[in-house]
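Accompanying notes for the structure given below.
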Amino acid sequence: MSHYDFIIIGTGIGGGTLAYALKNSGAKVLLLERGDFIPQEDENWDIDAVIKQKRYQAKEKWFDDATGRAFQPGTYYNVGGNSKMYGAAFPRFRKEDFEATEHPEGLSPAWPIGYDELEPYYAEAEKIYLVHGITGQDPTEPYRSSPFPYPELELEPYYFDLSERLKGAGYHPFSIPVGVDWREGGKCIRCATCDGFPCKLLAKGDADACCVRPATQDPNIKLETHTLARKLLTNASGKKIIGLEVEQNGENKTLHADTYIVACGATNSTALLLRSANAQYPEGLANSSGLVGRNYMAHINSTLIALDPKRQNTNIFNKTLAINDFYFGSDTYKHPMGNLQVMGKLQAAGYLRRGKPHLSEAESQEMARHSADIWVMSEDLPDPSNRVLLGSEGSIRVRREFKGVGSHQKLMEHAQTMLRTIGFKDMVSEFMPIETNSHQCGTLCFGVDPETSVLDPYCKTWDLDNLYVVDASFFPSSTALNPALTIAAQALRVADQLKGTLGS
Ligand SMILES: Cc1cc2nc3c(=O)[nH]c(=O)nc-3n(C[C@H](O)[C@H](O)[C@H](O)COP(=O)(O)OP(=O)(O)OC[C@H]3O[C@@H](n4cnc5c(N)ncnc54)[C@H](O)[C@@H]3O)c2cc1C
Ligand code: SF4
């Protein structure tokens with residue numbers, strides 16, 4: 001029987017980055033993943049296979065707890081987790097995001113650590129994930145101790161022109177930091193099938209390419225795929241985990257380590273803790289606060305597709321431009337509203353058709369060739385009644401009442417006014433429903449008080465001595481920016497803490 005220093009469950013940004021940080025530390029690490037590697041195949045970039053047939057999407061159903069309706073979640077079970085499919089936008093959270101802020105619909109709580117604590121880890125994570133960016137364009141950006149590791153991606157000519165028009169109208173568009181291998185001699189070809197697709201060339205800065213593969217070069221770090229974590233087992237006192245029951249290729253077994261790190265993503269990490277309920281923890285492991293699964297967040301999102309007959313389809317990587325002018329409010333609305341960022345071109349046709357259902361597929365594709373496509377993203381405020389629960393036979397139920405919709409509507413109005421100012425007339429917008437859970441977070445928040453948080457500031461569960469959670473679950477607030485870099489930075493911070501426990 002093998003014994004490990006650490007078992008890490010899940011190979012997404014949280015688990016993958018942690019494994020990477022433990023390489024060459026001497027630690028014996030077992031990295032578990034329920035899925036497999038996504039093969040490099042033609043279907044990676046095939047719109048029909050990826051978008052229509054959902055080739056890589058999790059096949060299971062989750063349930064909307066309010067209505068009982070089943071839905072297929074926008075989540076991915078494979079080595080690298082959701083990062084295999086992401087748009088690789090890598091902004092740091094703003095310094096103010098770590099502080100408490102009153103919104104009209106509730107409080108965005110303070111984090112137990114400030115931006116300063118995470119700053120060096122942000123810098124390290126940007127290097128690992130090949131982040132390209134530039135400072136001095138975004139008025140909301142926090143300070144940095146070092147420049148971006150790689151220069152910003154050039155805007156495609158259409159968005160360069162749009163950016164100049166926005167600047168002329170007094171706005172501050174900026175190059176959003178992006179993690180792709182666009183280095184000298186790098187593998188990225190800046191294709192149109194990035195955001196929402198796996199990279200056929202392994203050129204995306206995802207957790208598989210940048211972390212899991214390099215980490216497993218260390219003979220002390222072993223990856224086992226097709227291994228579903230079912231239940232964590234505790235000792236008699238209930239203070240320690242003594243084993244993990246898994247189902248591996250159809251066979252049940254129990255694995256052992258000194259320390260266990262759950263990194264299954266905000267929903268599945270909760271599900272694992274709830275499934276692990278026992279006599280000492282009837283409401284689920286690490287749940288003395290009663291908060292396991294609560295405060296589920298996933299951003300409040302809409303698409304805004306602005307038609308521009310003059311635009312010619314350039315069919316290249318689009319996700320390079322963002323706007324934070326309304327992040328903290330505006331002259332007319334003095335509350336945080338959120339972020340605007342250009343989205344991948346190929347999704348536009350689908351969203352356009354949903355917003356204008358009378359269009360045929362060919363018509364929507366033709367219109368999407370002539371549009372500017374913007375993702376409108378606002379903070380999803382934490383609410384304990386928004387939560388992840390287990391249903392019959394261990395199925396996942398999600399209760400979600402969007403909180404922060406008023407500010408999101410204001411952001412949409414500001415975005416539309418901005419676009420009208422520079423000449424756009426016809427726009428289609430669509431609000432994203434419960435299925436859009438790509439930025440899922442919260443559920444096991446970290447904090448300084450065991451009564452009001454599940455994890456301590458180093459993501460160790462308050463209730464158990466050798467159980468950590470290192471994925472998007474720890475966020476006490478969602479902020480209004482893409483989460484991956486912050487998940488990675490905290491994983492690196494926790495890794496430093498875990499390395500300190502080796503041999504003790
Ligand atoms: C289409 C799309 C676009 C996105 N674009 C961006 C972007 O541009 N920028 C950004 O910052 N973020 C983006 N995101 C979000 C980002 O991908 C996630 O926030 C991030 O990857 C979450 O990492 P995680 O470690 O929390 O969890 P996950 O990525 O969910 O990883 C969890 C892992 O655990 C595995 N697992 C789950 N349960 C078990 C179990 N019981 N046993 C074993 N293994 C298990 C899963 O298979 C998975 O590999 C996007 C997401 C999507 C889907
Ligand atoms: S843009 Fe680059 S990183 Fe993204 S899928 Fe295309 S080749 Fe891969």
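These numbers come from the heavy atoms of this one structure, side chains and all, not from hydrogens, waters or symmetry mates. Both ligands and their constituent atoms are indexed starting at 1 by order of listing.
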Would K95 pass as a cation-pi partner of Y115, given that its NZ or CZ must be under 6.0 Å from the six-membered ring centre and within 45 degrees of the axis? no
Decide whether an N or O pair under 3.5 Å exists between T75 and ligand 1. no
With the threshold set at under 4.0 angstrom, would you say G35 reaches ligand 1 through any of its heavy atoms? no
Which ligand 1 atoms are under 4.0 Å away from a heavy-atom of G10? 33 (C), 34 (O), 35 (C)
Min heavy-atom dist F90 to ligand 1 below 4.0 Å: no
Does this structure show an ion pair linking D206 with K204, if we count only N-O contacts that are shorter than 4.0 Å? no
Taking 4.0 angstrom as the limit and counting only heavy atoms of Y77, give me the atoms of ligand 1 inside it, by number and element. 46 (C), 47 (O)
If you count the atoms of ligand 1 from 1 in the order shown, which ones are under 4.0 Å from a heavy atom of D195? 3 (C)
Look at atom 37 (C) of ligand 1 and find which of C264, G87, A266 reaches it with the closest heavy atom. C264
Taking atom 4 (Fe) of ligand 2 as the centre, how many protein N/O/S atoms fall inside a distance shorter than 2.8 Å? 1
Tell me the nearest of H299, R34, H226 to atom 36 (N) of ligand 1, using heavy-atom distances. R34
Need the ligand 1 atom indices (1-based, order shown) with element for anything under 4.0 Å from a heavy-atom of G14. 25 (O)
Which atoms from ligand 1 have a heavy atom of D471 less than 4.0 Å away? 24 (P), 25 (O), 26 (O)
Any chance the side chains of E126 and Y150 put a donor and an acceptor closer than 3.5 Å? no
Using a distance-only test with no angle check, is there a side-chain donor-acceptor pair under 3.5 angstrom linking N437 and T75? no
Side-chain H-bond candidate by donor/acceptor type, N482 with H299, under 3.5 Å: no
Check each atom of ligand 1 against the heavy atoms of H439 and keep those under 4.0 Å away; list them by number with element. 6 (C), 12 (N), 13 (C), 14 (N), 15 (C)
Structural part of A88 in contact with ligand 1, heavy atom criterion under 4.0 angstrom: backbone
With no hydrogens and no angle check, do the side chains of T17 and Y129 hold a donor and an acceptor under 3.5 Å apart? yes
For the residue pair K23 and Y20, would you count it as a cation-pi contact if the rule is NZ or CZ under 6.0 angstrom from the ring centre and within 45 degrees of the ring axis? yes
Taking NZ, NE, NH1 and NH2 as the nitrogens, is one of them in R400 or D65 under 4.0 Å from a carboxylate oxygen of the other? no
For ligand 1, is V246 a contact, meaning one of its heavy atoms is under 4.0 Å away? no
Going through the checks in order, is the ring-ring contact (aromatic ring centres under 6.0 Å, His included) test met by Y86 and Y76? CA-CA 10 Å; Y86 68 5; Y76 299 85; over 10 Å; no
Is L272 close enough to touch ligand 1? Criterion: a residue heavy atom under 4.0 Å from a ligand atom. no
Could you verify whether a donor N or O on one side chain and an acceptor N or O on the other, from Y327 and D97, lie under 3.5 Å apart? yes
Face-on cation placement of R294 at Y296 ring, 6.0 Å and 45° thresholds: no
Check whether the side chains of S473 and D471 place a donor and an acceptor atom closer than 3.5 Å, and report yes or no. yes
I'd like to know if the side chain of Y122 pairs up with that of T486 as donor and acceptor (distance under 3.5 Å, no hydrogens or angles considered). yes
Indicate the ring-plane relationship of F431 and H408, choosing parallel, tilted or perpendicular according to the 30° and 60° boundaries. perpendicular
Compute whether any side-chain donor of one residue and acceptor of the other, for S453 and W462, lie under 3.5 angstrom apart. yes
Salt bridge (Lys or Arg N to Asp or Glu O under 4.0 Å) against K253, all qualifying residues, sequence neighbours excluded: none
Under 4.0 Å from a heavy atom of A263: which atoms of ligand 1 are those, numbered in the order shown and with their elements? 32 (C), 33 (C), 34 (O)
Considering both backbone and side-chain atoms of L32, is one of its nitrogen or oxygen atoms within less than 3.5 Å of a nitrogen or oxygen in ligand 1? no
Against heavy atoms of N268, which atoms of ligand 1 measure under 4.0 Å? 37 (C), 38 (N)
Sub-4.0 Å heavy-atom contact, V79 with ligand 1: no
Of all the heavy atoms in W45, does at least one lie under 4.0 Å from an atom in ligand 2? yes
Measure R275 to ligand 1 on non-hydrogen atoms and call it side chain, backbone, both or neither using the 4.0 Å cut-off. side chain
